[in-house]
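The structure appears right after this line, and notes come after that.
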Amino acid sequence: MASARRISRRPPKAWLWVGLVAAVLLICSFPASCGAEETAADEETSFVLTLDSSNFSETVEKHKFIVVEFYAPWCGHCKKLAPEYEKAAAILNTHDYPIALAKVDANEESNKGLASKYEVKGFPTLIILRNEGKTIQEYKGPRDAEGIVAYLKKQAGPPSSELKSSDDVGNLFNDKKVYIVGVFSEFSGEEFETYITVADKLRSDYDFGHTLDAKILPRGDSTVAKPIIRLFKPFDERFIDFKDFHADAIEQFIEESSLPLVTLFNKDPDNHPFVIKFFNKDNSKALLFLNFSSEQFEAFKSAYTGVAGDYKGKNISFLMGDLDASQGAFQYFGLREDQAPLIIVQDNDGKKYLKEHLEPLQVASWIKDYMEGNVKPFKKSEPIPEVNNKPVKVVVADSLQDVVFNSGKNVLLEFYAPWCGHCQKLAPILEEVAVSLQSDSDVIIAKMDATANDIPSGFEVQGYPTLYFRSSSGNLLTYEGDRTKDDIVSFIQKNKGAPAQDDSTKDEL
């Protein structure tokens with residue numbers, strides 16, 4: 001039976017950045033509701049536990065430490081991970097500290113509630129569940145068997161390593177990562193316990209150590225006033241000290257101090273963790289793209305770093321991307337390399353602001369204009385079709401307002417992706433719907449390529465295809481019925497002209 005749900009809220013901020021992170025790093029992270037056809041997996045003896053909605057909670061509650069992979073049978077990255085994950089499970093099966101590896105087929109309808117609960121947006125997604133599932137931690141380690149084993153053994157061990165000598169420091173540190181070390185007079189007391197608690201919470205993102213002797217640390221100082229937290233980083237001022245031992249203050253200090261003033265994105269994988277952290281920060285993002293080998297690079301870097309310093313702590317972060325590594329970002333934003341050097345800012349509400357053919361001396365003034373609200377938003381859109389006479393009309397970002405909201409028609413709009421198998425299956429059905437309703441001049445059947453056009457914030461598109469219906473009187477519904485011609489036609493006939501309950505969505509576009 002056809003059904004509808006009225007949508008008026010904005011998409012979650014977290015989802016807004018998933019596609020951009022995937023695009024910038026060229027990571028494949030397809031929505032869970034669409035993909036290629038499933039392939040059957042051979043059932044063999046496995047050290048990886050198979051979980052589903054019927055046994056998930058019971059199994060997790062039996063383990064102090066369990067890793068769960070949410071996968072889809074059609075996902076190429078999942079297939080590549082599978083043998084490495086199995087090898088790691090076999091090795092960890094003999095580990096002194098029990099570490100269980102499990103998997104959930106998130107493509108199964110009965111398991112989609114689990115995938116939603118753990119905010120699975122792409123495949124594979126791995127999470128670590130501690131303390132019978134009470135503590136949830138994202139897996140951020142390698143994807144090969146040896147790396148998985150090493151990472152999980154470390155995650156299963158103490159959250160902070162005791163540093164007694166320079167050799168201990170050398171084993172913990174390298175010059176590519178962020179490290180946090182607590183310097184104490186004794187390993188007891190409220191400050192030390194708070195530090196260990198924070199280390200346990202943030203252990204998937206950082207390496208923690210603790211010591212009684214500050215002299216063994218890089219740039220050590222025997223006169224340091226204890227207790228103190230020293231954060232080492234491979235950028236900017238190299239290390240910074242902190243003395244507030246309230247848990248929230250420590251977390252904020254670590255999160256703010258572990259991101260470069262300007263994040264660099266190129267083909268160096270050592271930079272990628274900072275790029276991901278850049279996008280995970282809940283603020284506006286400024287991205288400057290240019291050729292890092294150009295004569296202007298140093299001038300841009302100097303100007304951009306100065307601006308980043310001026311706006312530090314003002315809800316905006318800064319990244320410089322090399323054109324050679326940024327093809328995914330350009331595709332995501334709908335940009336061309338001949339527009340570079342360029343700067344684009346994206347807000348948490350999805351709005352974007354663009355300055356192309358940028359000069360170093362223009363950086364500060366343009367960012368100032370943006371911060372003061374004097375720059376008009378930029379919209380990614382395919383060209384409006386010159387000819388649009390097929391039964392299913394093509395809508396692009398630049399024509400959506402006119403076709404859907406200003407036409408006075410009843411419009412069924414499909415958001416699709418060209419690679420989506422379910423979209424391809426639905427295409428001829430929508431064609432039949434459009435043909436059957438051609439005599440009704442008040443109805444439009446339309447489609448929009450959601451990968452090539454910006455989606456207004458009033459629409460919630462987290463998988464393909466997503467169908468919306470807007471009645472001529474302004475009621476916006478999402479279609480959740482069966483994808484048959486009769487069901488869709490019946491839904492349109494029932495809801496066209498339906499009175500609007502609250503047309504606040506239009507105001508958000």
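Hydrogens, waters and symmetry mates play no part in the numbers below; they use all other heavy atoms, side chains included.
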(request) Look only at the side chain of Asp398 and the backbone of Glu382, and say whether a donor-acceptor pair between them is shorter than 3.5 Å. (result) no
(message) If I take atom OG1 from residue Thr135 and atom CD1 from residue Ile127, how far apart are they, to the nearest 0.5 angstrom?
(response) 12.0 Å
(message) Treating Asn453 as the side-chain partner and Asp449 as the backbone partner, does any N or O pair qualify as donor plus acceptor under 3.5 Å?
(response) yes
(request) Mind listing the closest non-hydrogen atom pair of Ile316 and Met371 along with its distance? (result) CD1-SD, 4.1 Å
(request) Please indicate whether Gln252 has more than 12 foreign heavy atoms, meaning atoms of other residues, nucleotides or ligands, lying under 6.0 Å from its CD. (result) no
(message) Between Asp487 (side chain only) and Gly481 (backbone N and O only), is there a donor and an acceptor less than 3.5 Å apart?
(response) no
(message) As a quick check of understanding, evaluate side chain to side chain contact (heavy atoms under 4.5 Å, CB included) for Ile136 and Leu129, giving each step before the final call.
(response) CA-CA 5 Å; Ile136 303 169; Leu129 298 174; 3.7 Å; yes
(message) Any side-chain to backbone donor/acceptor pair from Glu69 onto Thr125? Under 3.5 Å, distance only.
(response) no
(message) Do Lys355 and Phe378 form a cation-pi contact, if we require the NZ or CZ to be under 6.0 Å from the six-membered ring centre and within 45 degrees of the ring's axis?
(response) no
(request) Verify the ring-centre separation between Trp366 and Tyr353: is it less than 6.0 angstrom? (result) no
(message) For Phe123 versus Ala106, what's the shortest heavy-atom pair and its separation?
(response) CE2-CB, 3.6 Å
(message) Would you say Asp402 and Ser399 are linked by a side-chain donor-acceptor pair, where the criterion is simply a distance under 3.5 Å?
(response) no
(message) Tell me whether Glu372 at atom CD has more than 12 heavy atoms from other residues, nucleotides or ligands lying less than 6.0 Å away.
(response) yes
(message) Donor-acceptor check, side chain of Glu84 to backbone of Leu81, threshold 3.5 angstrom: yes or no?
(response) no
(request) Search all heavy atoms of His357 against all heavy atoms of Gln362 and return the closest pair with its distance. (result) O-OE1, 3.8 Å
(message) Is it true that, when you exclude Asp248 itself, more than 12 heavy atoms of the residues, nucleotides or ligands shown sit nearer than 6.0 Å to its CG?
(response) no
(message) Give me the atom names and distance for the closest heavy-atom approach of Ser407 to Ile444.
(response) OG-CD1, 4.3 Å
(request) Indicate whether any N or O donor in one side chain lies under 3.5 Å from an N or O acceptor in the other, for Asp347 and Tyr370. (result) yes
(request) Using the six-membered ring wherever Trp is involved, compare the ring planes of Phe265 and His272 and label them parallel, tilted or perpendicular (cut-offs 30° and 60°). (result) tilted
(request) Look at atom NZ of Lys380 and say whether more than 12 heavy atoms of other residues, nucleotides or ligands are closer to it than 6.0 Å. (result) yes
Which atom pairs, one a donor and one an acceptor, fall under 3.5 Å between side chains of residues 298-312 and the rest of the protein, sequence neighbours left out?
from	atom 1	to	atom 2	distance (Å)
Tyr304	OH	Ala286	O	3.0
Tyr304	OH	Leu319	O	3.2
Thr305	OG1	Lys301	O	2.7

(request) Apply the side chain to side chain contact (heavy atoms under 4.5 Å, CB included) test between Arg470 and each candidate in Asn475, Val404, Leu413; give the one that qualifies. (result) Val404
(message) If you count heavy atoms of other groups shown closer than 6.0 angstrom to NZ of Lys368, is the number above 12?
(response) no
(request) Would you please indicate if the ring centroids of Phe292 and Phe297 are separated by under 6.0 Å? (result) yes
(request) May I ask you to decide whether Asp324 forms a salt bridge with Lys267, counting only side-chain N to carboxylate O separations under 4.0 Å? (result) yes
(request) Any chance you could lay out the side chain to side chain contact (heavy atoms under 4.5 Å, CB included) test for Asp105 and Thr50, step after step, and finish with the verdict? (result) CA-CA 8 Å; Asp105 182 352; Thr50 299; over 6 Å; no
(message) When you measure from the side chain of Tyr139 to the backbone of Pro142, do you find a donor-acceptor pair of N or O atoms at a distance under 3.5 Å?
(response) yes
(request) Establish, from distance only, whether the side-chain atoms of Glu337 and Gln327 form a donor-acceptor pair under 3.5 Å. (result) no
(request) Spell out, as yes or no, whether a donor-acceptor pair under 3.5 Å connects the side chain of Lys390 to the backbone of Asn388. (result) no
(request) Without swapping roles, check the side chain of Asp52 against the backbone of Asn55 for a donor-acceptor pair under 3.5 Å. (result) yes
(message) Whether Glu255 and Lys281 form a salt bridge (side-chain N of Lys/Arg under 4.0 Å from carboxylate O of Asp/Glu) is what I want to check.
(response) no
(message) Taking atom CD as the centre, does Gln331 end up with more than 12 heavy-atom neighbours from other residues, nucleotides or ligands that are less than 6.0 angstrom away?
(response) no
(request) Supply the atom-to-atom distance Asn280 CG to Glu138 CD, rounded to the nearest 0.5 angstrom. (result) 7.5 Å
(request) May I ask you to decide if Asp482's main-chain N or O and Tyr479's side chain share a donor-acceptor pair within less than 3.5 Å? (result) yes
(message) If the condition is salt bridge (charged side-chain N to carboxylate O under 4.0 Å, His left out), which residues does Lys233 pass it with, not counting sequence neighbours?
(response) Glu237
(request) Hey, could you give me the CZ/OG1 distance between Phe235 and Thr263, rounded to the nearest 0.5 Å? (result) 7.5 Å
(message) Taking the basic N atoms (NZ, or NE/NH1/NH2) and the acidic carboxylate oxygens, is any pair closer than 4.0 Å for Lys177 and Asp270?
(response) no
(request) Taking atom types as modelled, find out whether Asn291 and Ser293 have a side-chain donor-acceptor pair closer than 3.5 angstrom. (result) yes
(request) To the nearest 0.5 Å, tell me how far Leu323 CG sits from Phe289 CZ. (result) 8.5 Å
(request) Could you verify whether a donor N or O on one side chain and an acceptor N or O on the other, from Asn495 and Ser471, lie under 3.5 Å apart? (result) no
(message) Nearest 0.5 Å, please: how far is OG1 in Thr59 from CG in Leu51?
(response) 5.0 Å
(request) State, without any angle test, whether Glu86 and Ser46 hold a side-chain donor-acceptor pair at a distance under 3.5 Å. (result) yes
(request) Measure from the ring center of Phe415 to the ring center of Phe459 and say whether it is less than 6.0 Å. (result) yes
(request) Establish, from distance only, whether the side-chain atoms of Asn271 and Asn266 form a donor-acceptor pair under 3.5 Å. (result) yes
(request) Check for a donor-acceptor pair, side chain of Gln339 on one end and backbone N or O of Arg336 on the other, with a separation under 3.5 Å. (result) yes
(request) Evaluate whether atom NZ of Lys352 has more than 12 neighbouring non-hydrogen atoms of other residues, nucleotides or ligands under 6.0 angstrom away. (result) yes
(request) Kindly indicate, with the supporting measurements, whether the criterion side chain to side chain contact (heavy atoms under 4.5 Å, CB included) is fulfilled by Ile488 and Ile492. (result) CA-CA 6 Å; Ile488 296 172; Ile492 293 172; 4.1 Å; yes
(request) Could you check whether the rings of Phe56 and Tyr118 sit parallel, tilted or perpendicular, using 30° and 60° as the cut-offs? (result) tilted
(request) For residues Lys79 and Pro73, report the shortest heavy-atom separation together with the two atoms involved. (result) CE-O, 3.0 Å
(request) Show your reasoning for whether side chain to side chain contact (heavy atoms under 4.5 Å, CB included) applies to Ser116 and Val120. (result) CA-CA 6 Å; Ser116 176; Val120 176; over 6 Å; no
(request) Indicate the atoms forming the closest heavy-atom contact of Phe318 with Ile367, along with that distance. (result) CE2-CD1, 4.1 Å
(request) Kindly compute the distance separating CG (Leu412) from CD1 (Ile445), expressed to the nearest 0.5 Å. (result) 4.5 Å
